[in-house]
Engineer: 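Below is one structure. I have some questions about it.
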Amino acid sequence: MTLSRIELADWRAVHSWASLAEVCRFQTWGPNTEEQTRAFVMTTVEAWSQTPQQRFAYAARIEDDLVGMGELHVRSRGQRQGEITYAVHPRVWGQGVGTAIGEGLLARGFEDLGLHRICATCDPRNIGSARVLGKLGMTREGRHRHTALIRDGWRDSDMFSVLEDEWRAVTPRTPSPRE
């Protein structure tokens with residue numbers, strides 16, 4: 001699986017899962033119309049040209065097949081804080097794609113952007129996502145109550161995070177040419 005910058009042409013592949021109720025079940029968005037998905041992809045593509053860039057959106061591909069996406073949001077450059085999010089097409093659920101997306105996002109946040117702390121949230125009912133966050137070495141910090149109003153009522157959010165030294169301790173690094 002590879003991560004590459006999302007492109008406008010990717011909107012149809014994104015829509016193939018953003019339009020599905022099971023993918024959006026724990027989200028404030030969706031199921032998306034085609035117009036909503038096109039607008040979302042357009043904003044993620046445009047974010048690459050913002051200065052300073054705060055949002056980094058990637059398409060997850062297995063060969064030429066777009067099977068998911070992930071985003072890294074810089075929440076505070078001064079405090080070196082970021083947040084990751086991801087979505088995966090259900091046809092590849094349980095195959096490690098979400099974990100691979102998360103690993104790529106954490107590497108970009110810690111190695112490329114020099115972040116100190118990266119967090120993620122998930123609905124406590126979303127066992128699969130919580131499992132992915134655990135595999136990424138993220139620590140569950142607690143639960144925030146009623147953080148979002150979604151289709152079936154108020155949603156709680158479990159907060160997870162990993163610090164750069166924790167991530168570096170468990171992630172093999174290839175020394176850069178400068179080291």
Side-chain angles (χ1 to χ4, degrees), residues 1-47 54-62 65-75 81-106 108-109 118-162:
M1 198 240 26
T2 60
L3 290 180
S4 59
R5 285 170 60 157
I6 195 156
E7 301 173 5
L8 288 173
D10 293 329
W11 81 267
R12 286 188 194 282
V14 172
H15 190 66
S16 73
W17 75 77
S19 61
L20 301 175
E22 64 265 32
V23 173
C24 311
R25 179 176 174 211
F26 303 116
Q27 306 302 324
T28 57
W29 54 270
N32 282 6
T33 63
E34 286 187 356
E35 181 178 307
Q36 289 169 322
T37 301
R38 275 194 303 269
F40 167 75
V41 171
M42 185 177 296
T43 63
T44 61
V45 169
E46 289 171 353
Q54 300 291 105
R55 186 177 182 189
F56 301 80
Y58 298 95
R61 299 179 201 280
I62 298 175
D65 187 17
L66 198 152
V67 295
M69 70 172 296
E71 289 191 56
L72 171 63
H73 298 257
V74 176
R75 297 297 183 202
Q81 308 281 314
E83 181 176 4
I84 61 170
T85 60
Y86 51 86
V88 177
H89 198 296
R91 67 183 155 77
V92 295
W93 282 356
Q95 297 178 30
V97 173
T99 303
I101 292 170
E103 288 169 347
L105 295 173
L106 293 177
R108 283 167 169 82
I118 298 176
C119 69
T121 62
C122 79
D123 187 306
R125 300 170 294 176
N126 192 343
I127 305 303
S129 188
R131 192 173 298 125
V132 166
L133 297 173
K135 287 179 185 177
L136 294 174
M138 300 183 95
T139 300
R140 184 181 174 278
E141 296 180 330
R143 180 165 295 164
H144 294 205
R145 300 181 310 146
H146 289 203
T147 58
L149 184 58
I150 62 174
R151 290 157 299 286
D152 64 351
W154 284 103
R155 179 191 105 173
D156 291 347
S157 292
D158 282 350
M159 176 66 72
F160 292 79
S161 76
V162 61

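This is a predicted model, so every value here is computed, not measured. For reference, positions follow the sequence shown, starting with 1.
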Engineer: Would you name the heavy atoms of L105 and L3 that are closest together and state the gap between them?
Structural biologist: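 Closest pair (atom of L105, atom of L3, distance): N-CD1, 4.1 Å.
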Engineer: If I compare all heavy atoms of M69 with all of A57, which pair ends up nearest, and what's the gap?
Structural biologist: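 Closest heavy-atom pair between M69 and A57: CE-CB, 4.2 Å.
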Engineer: Could you tell me if the side chain of I84 sits less than 4.5 Å from the side chain of E71, heavy atoms only?
Structural biologist: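 No, every pair of side-chain atoms sits at 4.5 Å or beyond.
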Engineer: My understanding is that only residues two or more places apart in sequence, or in another chain, count here; which of them pass side chain to side chain donor-acceptor pair (under 3.5 Å) with E83?
Structural biologist: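 Partners of E83 under the side chain to side chain donor-acceptor pair (under 3.5 Å) test: R75.
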Engineer: Quick one: CD on E35 to CH2 on W11, what's the gap to the nearest 0.5 Å?
Structural biologist: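 If I round to the nearest 0.5 Å, the distance is 10.5 Å.
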Engineer: Are S157 and T121 linked by a side-chain donor-acceptor pair shorter than 3.5 Å?
Structural biologist: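 No, no side-chain donor-acceptor pair sits under 3.5 Å.
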Engineer: Where do P90 and E22 come nearest, in terms of heavy atoms and distance?
Structural biologist: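 Reported closest heavy-atom pair: CG-OE2, 3.9 Å.
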Engineer: To the nearest 0.5 Å, tell me how far S129 OG sits from Q27 CD.
Structural biologist: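 S129 atom OG to Q27 atom CD measures 8.0 Å (nearest 0.5 Å).
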Engineer: Sort out for me which residue in L106, V132, V88 forms a side-chain contact (heavy atoms from CB on, under 4.5 Å) with I101.
Structural biologist: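 For I101, the side-chain contact (heavy atoms from CB on, under 4.5 Å) check succeeds only for V88.
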Engineer: Given 3.5 Å as the limit, does a donor-acceptor pair link the side chain of D158 with the main chain of D123, or not?
Structural biologist: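 No: the side chain of D158 does not pair with the backbone of D123.
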Engineer: For a quick test of reading the model, state the closest non-hydrogen atom pair linking L8 to V45 and the distance between them.
Structural biologist: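 Minimum heavy-atom contact is N-CG2, 3.6 Å.
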Engineer: Can you check whether Y58 reaches T2 side chain to side chain, under 4.5 Å on heavy atoms?
Structural biologist: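 No, every pair of side-chain atoms sits at 4.5 Å or beyond.
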Engineer: With a 3.5 Å distance limit and no angle check, can you tell me whether R151 reaches the backbone of G30 through a side-chain donor-acceptor pair?
Structural biologist: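 It does hold such a pair.
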Engineer: What distance separates M159 CE from R143 CZ, expressed to the nearest 0.5 Å?
Structural biologist: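 It comes to 12.5 Å.
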Engineer: Hey, are the side chains of V23 and W93 touching, using non-hydrogen atoms and a 4.5 Å cut-off?
Structural biologist: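 In short, these two side chains touch, coming nearer than 4.5 Å.
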Engineer: Testing the basics here: between D10 and R5, what is the closest heavy-atom pair and its distance to 0.1 Å?
Structural biologist: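 That would be OD2-O, 4.4 Å.
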Engineer: Any heavy-atom pair between the side chains of L136 and F160 that's under 4.5 Å?
Structural biologist: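 Contact flag for F160/L136 side chains = no.
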Engineer: Considering all heavy atoms of both residues, which atom of H15 and which atom of E34 are nearest to each other, and what is their separation?
Structural biologist: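 Minimum heavy-atom separation between H15 and E34: CE1-N, 3.4 Å.
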Engineer: Spell out, as yes or no, whether a donor-acceptor pair under 3.5 Å connects the side chain of T147 to the backbone of R155.
Structural biologist: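 Checking the backbone N and O of R155 against the side chain of T147, a donor-acceptor pair under 3.5 Å is found.
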Engineer: Quick one: are W17 and R91 in side-chain contact, heavy atoms under 4.5 Å?
Structural biologist: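 Sidechains of R91 and W17: no contact.
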Engineer: How about R125 and D152: do any of their side-chain heavy atoms sit closer than 4.5 Å?
Structural biologist: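 Yes - at least one pair of side-chain heavy atoms lies under 4.5 Å apart.
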Engineer: Would you compute the distance between atom CE of M1 and atom CD of E103 and round it to the nearest 0.5 angstrom?
Structural biologist: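 Here the interatomic distance stands at 8.0 Å.
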Engineer: Look up atom OG1 in T44 and atom CD in E7, then write down how far apart they are to the nearest 0.5 Å.
Structural biologist: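 Output value for this atom pair is 10.5 Å.
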Engineer: I'd like to check L66 versus H89 (side-chain heavy atoms, cut-off strictly below 4.5 Å). Are they in contact?
Structural biologist: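 L66 vs H89: side chains apart.
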